[in-house]
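Below is one structure, written out as structure tokens, with a few remarks after it.
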Amino acid sequence: MKENYFNRLKVNRACQLLWTTDLKVDQICTMVGIDDSYYFSRVFTKIVGVSPKKYRQTIAEKNSDSTSE
């Protein structure tokens, strides 16, 4: 149970970094304390529902939609 809580904290921080920076996913996973980018991607996808790359693309699409209005 503790592992799940800490993973959620790490993924929450990763979401913030994906949203506010242009850092690569493997840089972000290291910053949040997960050294294996494949493991990070699996954990992120399990918690968020989409891959980190797709999450960033979705944010970019939403931002471009809101600026074009």
Side-chain angles (χ1 to χ4, degrees):
M1 191 71 168
K2 285 184 186 178
E3 181 180 327
N4 190 19
Y5 172 75
F6 288 115
N7 281 342
R8 287 185 180 276
L9 288 176
K10 291 174 183 182
V11 167
N12 185 41
R13 179 64 180 139
C15 286
Q16 293 171 345
L17 291 169
L18 286 165
W19 189 12
T20 59
T21 70
D22 290 329
L23 294 170
K24 294 181 179 181
V25 172
D26 60 338
Q27 293 172 309
I28 290 174
C29 73
T30 301
M31 289 177 72
V32 299
I34 299 175
D35 294 326
D36 183 346
S37 60
Y38 295 108
Y39 175 72
F40 170 75
S41 185
R42 286 194 313 270
V43 169
F44 189 98
T45 302
K46 183 176 182 182
I47 292 172
V48 178
V50 295
S51 70
K53 184 176 179 180
K54 183 67 176 171
Y55 180 83
R56 179 174 269 164
Q57 289 172 344
T58 302
I59 291 169
E61 289 170 5
K62 286 182 181 179
N63 286 340
S64 68
D65 287 347
S66 65
T67 58
S68 64
E69 292 178 356

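Worth knowing before you read on, the calculation uses all heavy atoms, side chains too, and leaves out hydrogens, waters and symmetry mates. These numbers were taken from a predicted model, which means no experiment stands behind them.
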Where is the tightest heavy-atom contact between [X] and [Y], given as atom of each residue plus distance?
| X | Y | answer |
| --- | --- | --- |
| Val32 | Ala14 | CG1-N, 3.9 Å |
| Ile28 | Arg56 | CD1-NH2, 3.7 Å |
| Leu23 | Met31 | CD1-SD, 3.4 Å |
| Ser51 | Thr45 | CA-OG1, 3.3 Å |

**Study point:** Residues in side-chain hydrogen bond (donor to acceptor under 3.5 Å, both in side chains) contact with Arg42, at least two apart in sequence or another chain
**Key:**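 Once residues adjacent in sequence are excluded, Arg42 has no partner under the side-chain hydrogen bond (donor to acceptor under 3.5 Å, both in side chains) criterion.
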Review point. With Gln57, which residues qualify under side-chain hydrogen bond (donor to acceptor under 3.5 Å, both in side chains), at least two apart?
Key: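 Gln57 satisfies side-chain hydrogen bond (donor to acceptor under 3.5 Å, both in side chains) with no residue once adjacent residues are dropped.
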Review point. For Phe40, what residues pass the ring pair (Phe, Tyr, Trp, His ring centres under 6.0 Å) criterion, not counting sequence neighbours?
Key: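 Once residues adjacent in sequence are excluded, the partners of Phe40 under the ring pair (Phe, Tyr, Trp, His ring centres under 6.0 Å) criterion are Phe44.
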Review point. Tell me, do Trp19 and Asn63 make a side-chain contact under 4.5 Å, heavy atoms counted?
Key: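 They are in side-chain contact.
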Practice item. Decide yes or no for Leu18 and Pro52: does some side-chain heavy atom of the first lie under 4.5 Å from some side-chain heavy atom of the second? Key: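 Yes - at least one pair of side-chain heavy atoms lies under 4.5 Å apart.
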Check your understanding: Do you know which of Asn4, Asp36, Val48, Asn7 makes side-chain contact (heavy atoms from CB on, under 4.5 Å) with Val43?
Key ->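 Output: one option passes, namely Asn7.
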Practice item. Report whether Ile59 and Leu17 are members of the same hydrophobic cluster (ILVMFWY, side-chain heavy atoms less than 4.5 Å apart, transitive linking). Key: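 Shared cluster, yes.
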Check your understanding: NZ/Lys46 to CZ/Arg8 distance, rounded to the nearest 0.5 angstrom?
Key ->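 Here the rounded value is 9.0 Å.
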